[in-house]
Amino acid sequence: MNKFEDRIAHQVQAARGNVKKYLGRAAGNRRLESEGRREQARGNMKRAADKLRAAFKH
């Protein structure tokens, strides 16, 4: 994947985690909620790394 596709994939991963987190909370499913939190955090960390790489590239 190129850099643009990576950024989009990381945004989608964070959004998907957010949806899982809220679905888990609404359904009372703690496993789904924690899985969503992990996925959202992972996507956010990857997005932060992309921004950091871009800042030092120029």
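Given the structure is predicted, the values throughout are model-derived calculations rather than measurements. Counting from 1, the numbers follow the sequence of the chain as shown.
For the atom pair CZ (Arg47) and CG (Leu52), the distance works out to 14.5 Å, reported to the nearest 0.5 Å. The distance from the CG atom of Asn18 to the CD atom of Gln13 is 12.5 Å, given to the nearest 0.5 Å.
Here side chain to side chain donor-acceptor pair (under 3.5 Å) pairs that include residues 26-38, with residues two or more places apart or in two chains, are Lys20-Glu35, Arg25-Glu33, Arg31-Glu35, Glu33-Arg37. Counting only residues at least two apart or on different chains, no salt bridge (Lys or Arg N to Asp or Glu O under 4.0 Å) pair has a member in residues 3-15.
The heavy-atom pair separating Ala14 from Asn44 by the smallest distance is CB-OD1, 3.4 Å.
Annotation for Phe4: hydrophobic cluster partners, listed by chain and number, are Ile8, Val12 (ILVMFWY side-chain heavy atoms under 4.5 Å, direct or chained).
With sequence neighbours left out, the side-chain hydrogen bond (donor to acceptor under 3.5 Å, both in side chains) criterion links Arg42 to no other residue. Taking Lys46 as the reference, nothing meets the side-chain hydrogen bond (donor to acceptor under 3.5 Å, both in side chains) condition, with sequence neighbours excluded. Partners of Asp50 under the side-chain hydrogen bond (donor to acceptor under 3.5 Å, both in side chains) rule, at least two apart in sequence or in another chain, are His10, Arg53.
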